[in-house]
Amino acid sequence: MRSHKRRRKRPGRARRVSRTARTRARRLPATCPRVESARAPAPALPAPRGRQRSLFGLSGRQLSDRRRPGSVPGRARALGVLPAASMESGEEALLLARRQKLERMRQRGQNPFANDLDARDRTLVAELRAKFAKALLDPAELRYDAERVASLAAEERFHVCGRLMARRGFGKASFFRLRDRSGEIQLFAKQDVMGEAFAALEDVDLADHVEVRGRAMVTKTGELSLELAELRVLSKAMRGLPDKWHGMTDADLRYRRRYVDFVATPEAAAVIRARGIIVQGLRDFLDGEGFLEVETPTLGTLVGGATARPFATHHNALDLPLFLRVAPELYLKRLLVGGFERVYEIGRCYRNEGISTRHNPEFTLLEFYQAYATYDVLMHATERLFRHVDAFLSERLERLGFATDVRRWHAARTFTLAEPFARVPMRESVARSLERASLTTEVLDRLEALAFDQKTKSAAHADADGWVALWRTRSPRANSVDWSNLRRALAGCGSAGERLFVAYEYLAEPFLAEDYRSADGSKSLPVFIIDYPAEVSPLARRKDADPTLVDRFELFIDGRELCNAFSELNDPADQEARFLHQVELKQKGNAETMDYDADYILALEHGMPPAAGFGLGVDRFVMALTGQPSIRDVIAFPLMRPEE
RNA sequence: GGGUCGAUAGCUCAGUCGGUUAGAGCAGCGGAUUUUUAAUCCGUUGGUCCUGGGUUCGAGUCCCAGUCGACCCA
């Protein structure tokens, strides 16, 4: 019977939902047991081979048993009353041990999943520490003075709830470490204090949720502790915690079992905590500027607001094909038409594109729109917003007792928000980077001739290969440019504007963090790239001085794009022409385009005030402020290919 | 798409030139211990060495293919 109990570790699937993976799944032969068991409810089938990773404390075998009502072996096993001889692995043994303790508790009349907790007099660990702050001798090591603690609260009994994180037994005494949402504190259990209750500690396991009562005291090493009078299990954990020292390091496991990761990896939890505060900080800033938070549709019949490939779905009752939104932009601007001068939305958007350290299929976007403002106004607002949220985050975390997280993130930061952000027109940023690569503007002058068509395997100009070979020798930077992809991308361009944009992406963007530095050169400087080509900005207003460009900026921090903003196009005729261009591109086979939105044109015809709009990738913003290298680290549950 | 490295107990990891019955720490279980904090000490359970082929008297180890992961390149 061991045959189905296969190795469960790292059965992981591709991070990327690749085409090959999908076709592989479809190509599974009909005889594959995995496919059969997934389709057929037939109870006679063996347990599905792949579905062995335990769920809710039950093995795959038990799960399949559970699908059969009245299945005695499954229930008996789940209750832990089958003999140890039926154990199939070390994991089973660990579960069994805990089930037996659970049964002992029930036999004693204790509910291992208590439902009668009264936490009105509960004290948080942080509150406890605050109460004894005056007795703190060494803040770094959290050492306390015993006499001062005693005089501050000699007989007061504290009620604390949390999860048990560590245990050290000494026969007639025991130390525990308890964690609640605010921090951790040591518990000291002594037989002569607890009496008979001490014996029941044998049924307590690491990871259990407990409530304790006891007085505060200081051990001889100076650690503030609760001397227990009582300890009661509130919720029995059927599984323990990962290695107490190394924690959980397998990346796949961490993202799949995020609930364990957050317990075992304090940094992972700190990032999610920071994220909540950052979003609060964004609201705090915008509310202070008189913006109204609104909600707009995430389901629609058209794709608009960004050039991106959408997720398609279907409404049954209306028999209507629908798309999940790629951006809220067009609805927020309809609200401008409707008289709301300052609106914002923080919401989930969905783009059916690749997954990377900077992309998750669903992500959070902040967009705000301000009537009677220009993109220049928004650049100032962006700087204030970033500094406000950063300070807000630090202040809140310090108040919550997580100052060390703030200090750690600040120390590791490779950029600064303290100095004015750089502002560079796109063309200038390319020219500057070329200069640093000893290439001057000759590259910019030959963009069209550089194009290399992947299909025909031919260059637009016969000498192009030679130019590149020569340029590569000019400097290390010139050599590190991704020339082949640049030339491929140029071949797909239909206008000078698109070529400039491509040139910027390959020649300037990868070097932004090097080219724009703080006054002392020690940090990278956030940089606004401004004045984008109109061809790549279908919703932005043209520059009065140069109609081939638009009043638009993107903000880059450490070379990563965080913001996109522009003065809004409110001329319905111009907008109509831009939509038509998008439709043209779609007909040529480009999947990342917008649809023609007739109702939006109609709205513009009713008069949209001059306005500027702003978008911020909230996930990337959190990455920047907390120094996380992957977007998966700032999302509580990033998308994973499901386990089989 | 290509390259490099990796997958061994619930967790974190060793495993020599291919050679006895695959090891350690943590967690678990049994015992000792009333001030530890990665507690300590004694004993102990737990493994389809990612999957499938192959080479071999013999494979965790070598070869081939595949799956998945990390990093780098395009």
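Keep in mind it's a predicted model, so treat the numbers as computed, not measured. Below, chain A is the first sequence line, B the second, and so on; all start at residue 1.
- Both the sub-6.0 Å distance and the 45° axial angle are not jointly satisfied by A:Arg436 relative to the ring of A:Phe511.
- Distances shorter than 4.0 Å separate some side-chain N or O of A:Arg168 from OP1 or OP2 on B:A39.
- Here B:C49 sits opposite no nucleotide as a Watson-Crick or G-U wobble pair (both hydrogen-bonding atom distances under 3.5 Å).
- Summarising the base pairing, B:A38 is matched to no nucleotide, lacking a Watson-Crick or G-U wobble pair whose two defining distances lie under 3.5 Å.
- Going from atom CG of A:Leu95 over to atom C1' of B:C29 covers 14 Å, rounded to whole Å.
- Closest contact between the side chain of A:Ala97 and the listed nucleotides B:A74, B:C29, B:A70 involves B:C29.
- For the pair A:Arg632 and A:Tyr255, the cation-pi criterion (under 6.0 Å, within 45° of the ring axis) is fulfilled.
- For A:Thr219 against B:U36, a side-chain-to-base donor-acceptor contact under 3.5 Å is present.
- A straight line from CZ of A:Arg167 to C1' of B:U35 spans 17 Å, rounded to a whole angstrom.
- With RNA chain B read from its 5' end, the first of the two nearest nucleotides for A:Arg488 and A:Gly240 is the one closest to A:Gly240.
- For A:Asp252 and B:U67, the CG to P distance is 16 Å, given to the nearest whole Å.
- Contact check on A:Asp619 versus A:Arg275 returns a salt bridge, with a Lys/Arg side-chain nitrogen under 4.0 Å from an Asp/Glu carboxylate oxygen.
- With respect to the salt-bridge test (charged N to carboxylate O, under 4.0 angstrom), the residues A:Asp261 and A:Arg254 qualify.
- Contact annotation: A:Thr249 side-chain N/O to B:A70 OP1/OP2 distance is not under 4.0 Å.
- Within 4.0 Å of A:Gly169, counting heavy atoms only, lies at least one base atom of the nucleic acid.
- Base pairing of B:G43: its partner is B:C29, meeting the Watson-Crick or G-U wobble criterion (both donor-acceptor distances under 3.5 Å).
- The nearest whole Å value for the distance from the CZ atom in A:Arg239 to the P atom in B:G10 is 11 Å.
- Of all nucleotides present, only B:C5 satisfies the Watson-Crick or G-U wobble test against B:G69, with each distance under 3.5 Å.
- For a distance-only test at 3.5 Å, the side chain of A:Asp243 qualifies as a donor-acceptor partner of the base of B:G25.
- Residue A:Lys220 places at least one side-chain N or O closer than 4.0 Å to OP1 or OP2 of B:U36.
- Residue A:Arg215 forms a salt bridge (Lys or Arg N to Asp or Glu O under 4.0 Å) with just one option from A:Glu156, A:Glu155, A:Glu230, A:Glu227, and that option is A:Glu227.
- With hydrogens and angles ignored, no donor-acceptor pair closer than 3.5 Å exists between the side chain of A:Glu223 and the base of B:U35.
- Between the CZ atom of A:Arg254 and the P atom of B:U12 there is a distance of 11 Å, given to the nearest Å.
- Stacking of A:Phe175 onto the six-membered ring of B:U36 is present: less than 5.5 angstrom between centres, less than 30° between planes.
- In this structure, A:Arg99 places its CZ atom 17 Å from P of B:G28, rounding to the nearest Å.
- Pair assignment for B:A24: B:U12, on the basis of Watson-Crick or G-U wobble contacts that are both within less than 3.5 Å.
- The CG-P distance, from A:Leu253 to B:A70, rounds to 12 Å in whole Å.
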Worked verdict on A:Arg143 versus A:Asp138 for salt bridge (Lys or Arg N to Asp or Glu O under 4.0 Å) = CA-CA 5 Å; A:Arg143 295 295 161 221; A:Asp138 176 358; over 6 Å; no

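- With distances taken from any side-chain atom of A:Gln186 to the nucleotides B:U36, B:U12, B:U34, the minimum falls on B:U36.
- With hydrogens and angles ignored, a donor-acceptor pair under 3.5 angstrom links the side chain of A:Asp192 to the base of B:U34.
- Across the protein-nucleic acid pair, A:Leu201 atom CG and B:U34 atom P stand 15 Å apart, rounded to whole Å.
- Distances shown here put every side-chain N or O of A:Lys190 at or beyond 4.0 Å from the OP1 or OP2 atom of B:U34.
- For B:G28, neither phosphate oxygen OP1 nor OP2 lies less than 4.0 angstrom from any side-chain nitrogen or oxygen of A:Lys101.
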